[in-house]
2 protein chains.
Amino acid sequence: MTTVTDTPPASRTDTYHHGDLRTALLDAAVQVLAEHGVSGLSLRECARRVGVSHAAPYRHFASKEALLAAIAAQGFAWLYAAGSAAMAPFTDPVARLDAYGLSYVRFALAHPQHFRLMFTSECSRDAPTAEGQDADLAYRLLRDAALAVSPPGVDPDVAAVAYWSRPHGLAMLLLDARIPAARVASAAALTELIHATVHGERWTR
Amino acid sequence: MTTVTDTPPASRTDTYHHGDLRTALLDAAVQVLAEHGVSGLSLRECARRVGVSHAAPYRHFASKEALLAAIAAQGFAWLYAAGSAAMAPFTDPVARLDAYGLSYVRFALAHPQHFRLMFTSECSRDAPTAEGQDADLAYRLLRDAALAVSPPGVDPDVAAVAYWSRPHGLAMLLLDARIPAARVASAAALTELIHATVHGERWTR
DNA sequence: GATTGATGTTGCTGCTGTCAACATAGCCGA
DNA sequence: TCGGCTATGTTGACAGCAGCAACATCAATC
């Protein structure tokens, strides 16, 4: 007993109280999603992996859906942070929009489970939870960037959607493996793909 | 007994054998999906709606996932047909690509359950089933159209993905209600949105 | 040091996917 | 005409799951 004040709150699995069960469950859920997909996820399996009884998750999440929503909210926060950071170094509107698209696709590839949940859940529209908070921030970030690139008179929402659809569609197709794997093998190839998608206007005459 | 030869095979629900249980189950499943989403779908509920015992579906589908895959396959066939029909009247490459994008988004809005299953299932990549058949046809349709619009030297797959991502992303965002509802209220507004997304190059200089 | 609220456990109910054994019916050859 | 064959549908069972209620444990506070 030198200067042992207290155990770190995140890693006590041998005591009655877990310490940080909520984030442990979130992490376990993401791992299960990666291994078995959303249809193979169960709260009981998450509890088992964390070493806790099958009803313990209900102290932190009202339902299985609430846990998934929490993961999505985490994803929106990360996405917003990544987009902000990516755009920060640039002032040119086109460069900023480009940086946003790049970081968007990179985020989807880095956190596929989060990304899928963020846009695949079928009930997150009704409840304006904390998820909506960061989702709105991310949306406004994109809309402002798109508006700065568009000529005056264009509806901001139309501009935002037009430029959102491209990286979003690419990300979705990449996650669904609908794109030949060779296209994503090297970072250079992926970057080329992203550029071609986000502003492919150089091709059409 | 005038000329009554046989009862129509699609609508006998009072006899021991249903007549066309397979398609009846598919239709019921799509309806359940529309009402309760994929997480609220169960084979037992589908069987109940069709008026059949809970194990009857297993005579037509190996598993719940197989039923979902069948719906997705149906969707790919429809999508391919719609894309072909939409492009047929045109010969100009840009017009053909435009028509494809328009029909793509229209298909997603007309058959949201099918569309979501087509691109959201997490295991359809492994098994090259009949679904892959029509999916490949649809992909080749798009790739050829994109290639006709691209300058020589462009990788066909890159061109295809670049032009696929736009309507695909827009469709996904529309289905997830991530786009203000007012944007989709009128057919004209929707068409404007689609055009802006599919070839927004007119805006950036 | 007792109390209280947060956190974790045990046990239960109803639902689900899936399988095995059985029932029915339409069809085909004798 | 009749008897069997096969496709199709039924019943019953099992294990796993979401969610709830009642109970247990712990930590902090008065």
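We name chains A, B, ... by the order of the sequence lines, and we start the count at 1 in each one.
Applying the ring-ring contact (aromatic ring centres under 6.0 Å, His included) criterion to His54(B), with sequence neighbours excluded, gives no partner residue. Residues meeting the ring-ring contact (aromatic ring centres under 6.0 Å, His included) test with Phe115(A), sequence neighbours left out: Tyr104(A), Phe119(A), His168(A).
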Which side-chain N or O atoms in residues 83-91 of chain A pair as donor and acceptor under 3.5 Å with protein atoms at least two apart or in another chain?
from	atom 1	to	atom 2	distance (Å)
Ser84(A)	OG	Tyr80(A)	O	3.0

Expected list for residues 41-50 of chain B: side-chain donor-acceptor pairs under 3.5 angstrom, two or more places apart:
from	atom 1	to	atom 2	distance (Å)
Ser42(B)	OG	Glu45(B)	N	3.0
Glu45(B)	OE1	Arg48(B)	NH1	2.5
Glu45(B)	OE2	Arg49(B)	NE	2.9
Arg49(B)	NH1	Glu35(B)	OE1	3.4
Arg49(B)	NH1	Glu35(B)	OE2	3.2
Arg49(B)	NH2	Glu35(B)	OE1	2.7

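With rounding to whole Å, Asp20(B) atom CG is found 13 Å from dT8(D) atom C1'. Remark: P of dG8(C) and CG of Leu21(A) are 5 Å apart, rounded to the nearest angstrom.
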- Item | Contact state string [nucleotides 14-22 of chain C, B base, S sugar-phosphate only, - no protein heavy atom under 4.0 Å] | --SBBB-B-
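The salt bridge (charged side-chain N to carboxylate O under 4.0 Å, His left out) contacts involving residues 96-113 of chain A comprise nothing, where partners must be two or more places apart or lie in separate chains.
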